[in-house]
Amino acid sequence: MKGLISVYKNTPYVNALEAALKKSYPLQDAGITHGFPQEHGITLTIDLCPSKKPLDRIIFTSLITEFSKTEQPVPVALSITGKFMLDHPDDIQWLKGLVEAGEISVTWVNHTYNHNYDPKIPPHSNFLLEPGTDLNFEILGTEIAMLERGLTPSVFFRFPGLVSDQKIVELVVASGLIPVGSDAWLAKGQRPETGSIVLIHGNGNEPVGVKDFIKLLQTRKSEVLNHQWLLYDLSESVESEFKH
């Protein structure tokens, strides 16, 4: 990894990795949490954690409807787990169809394979911090599952529950992945600002966050039509933030 950093020193990629390492101490929301778009807008990230419920397709159809006159394809980042891919083959094909039709463009973010979570366990021993977790499998197993389904993994990684510690951040960065958090998790009442990395769940388990996002789209409708409020591609947003 040191050799890679040396070769690509001062690039947005390495600058983002180093910035993520500097923000490795919080138990929650380590990594990159804000982009730097030149105009008003947000970067939308949709988490697809393990779920037996169907994909919230209304998120995508609403995005396409609202942005069809201003942004095509509509950029979104999907933080996906191996188990979601395993249990939702039809939803994956539907999303791929939207990409092939030029309606959305997707940055596929590694969100681990199992996304272990126990609501009875405190965060410092939960998610990836659960004893016995095989981080290599959680990362590589997800990337293999993406490739098997024709999805191209990006350089981004999202911690389940946005929970991590310094050691695990260092291990993720050593794998060449940039941890991406959020400064606007809608279901938790966090309001987006210009440049926010917005988080909602599209796996059927967070109706409040989906409802809030649809409402956000509606309140910004006139600005969307006037190109004053846009969605930004995660890669481009991070590159803009860390290109100097």
Listing request: all salt bridge (charged side-chain N to carboxylate O under 4.0 Å, His left out) pairs with a residue in [range], at least two apart in sequence or in separate chains.
range            : result
residues 116-140 : Asp118-Lys120
residues 174-201 : none
residues 25-34   : none

Problem set entry | Neighbour count above 12 (heavy atom, 6.0 Å) for Ile58 CD1 | no
Gap separating the [atom1] atom of [X] from the [atom2] atom of [Y], nearest 0.5 angstrom:
X      : Y      : atom1 : atom2 : value
Leu44  : Ser237 : CG    : OG    : 12.0 Å
Tyr232 : Ile197 : OH    : CD1   : 13.5 Å
Leu234 : Thr107 : CG    : OG1   : 5.5 Å
Arg220 : Leu231 : CZ    : CG    : 11.5 Å
Ser79  : Phe156 : OG    : CZ    : 10.5 Å
Asp165 : Leu129 : CG    : CG    : 5.0 Å

If Ile, Leu, Val, Met, Phe, Trp and Tyr residues are connected whenever their side-chain heavy atoms lie under 4.5 Å apart, and connections chain through other members, are [X] and [Y] in the same group?
X      : Y      : answer
Leu151 : Ile144 : no
Leu78  : Trp94  : yes
Phe127 : Ile121 : no

Exercise. With sequence neighbours left out, which residue pairs that include part of residues 58-69 fulfil the side chain to side chain donor-acceptor pair (under 3.5 Å) condition?
Worked result: none
Any side-chain heavy-atom pair of [X] and [Y] under 4.5 Å:
X      : Y      : value
Leu186 : Pro192 : yes
Pro179 : Lys23  : no
Arg57  : Asp91  : yes
Thr45  : Val109 : no
Tyr13  : Val238 : no
Thr112 : Phe157 : yes
Val76  : Leu63  : yes
Asp47  : Glu206 : no

Given a cutoff of under 4.5 Å between side-chain heavy atoms of I, L, V, M, F, W and Y, with clusters grown through shared members, what are the other residues clustered with [X]?
X      : value
Leu162 : Trp185, Leu199
Val208 : none
Tyr113 : Leu86, Phe137

Work out which heavy atom in [X] is nearest to a heavy atom in [Y]; give both atom names and the distance.
X      : Y      : result
Ala16  : Ile32  : O-CD1, 3.8 Å
Ser164 : Val169 : OG-CG2, 3.6 Å
His115 : Cys49  : NE2-SG, 3.4 Å
Pro131 : Ser125 : CD-O, 4.0 Å
Val163 : Phe159 : O-CB, 3.5 Å
Asn126 : Asn116 : OD1-O, 4.2 Å

Does [Y] offer a backbone N or O that forms a donor-acceptor pair with the side chain of [X] under 3.5 Å?
X      : Y      : answer
Asp233 : Pro75  : no
Ser175 : Leu177 : no
His201 : Val210 : no
Thr133 : Leu135 : no

Listed pairs under 3.5 Å, donor-acceptor, residues 96-104 side chains, sequence neighbours left out:
residue : atom : partner : partner atom : Å
Lys96   : NZ   : Arg149  : O            : 2.8

Seminar exercise, completed: Across all chains, not counting sequence neighbours, the side-chain contact (heavy atoms from CB on, under 4.5 Å) partners of Pro153 are Glu143, Met146, Leu147
Exercise. What residues, two or more places apart in sequence or in another chain, satisfy side-chain contact (heavy atoms from CB on, under 4.5 Å) together with Gln166?
Worked result: Ser24, Tyr25, Glu170
For this session: Output, in order, the C-alpha distance, side-chain angles, deciding distance and verdict of side-chain contact (heavy atoms from CB on, under 4.5 Å) for His111 and Leu48.
Result: CA-CA 8 Å; His111 198 34; Leu48 301 178; over 6 Å; no
For this session: Take Asp56 and Ile46 through the test side-chain contact (heavy atoms from CB on, under 4.5 Å) and record every step on the way to the result.
Result: CA-CA 10 Å; Asp56 277 311; Ile46 303 171; over 6 Å; no
For this session: Could you pull out all residues at least two apart from Lys22 that satisfy salt bridge (Lys or Arg N to Asp or Glu O under 4.0 Å)?
Result: none
Would you tabulate the side-chain donor-acceptor contacts of residues 212-219 under 3.5 Å, counting partners in other chains and residues two or more places apart, or write 'none'?
residue : atom : partner : partner atom : Å
Thr219  : OG1  : Lys215  : O            : 3.4
Thr219  : OG1  : Leu216  : O            : 2.8

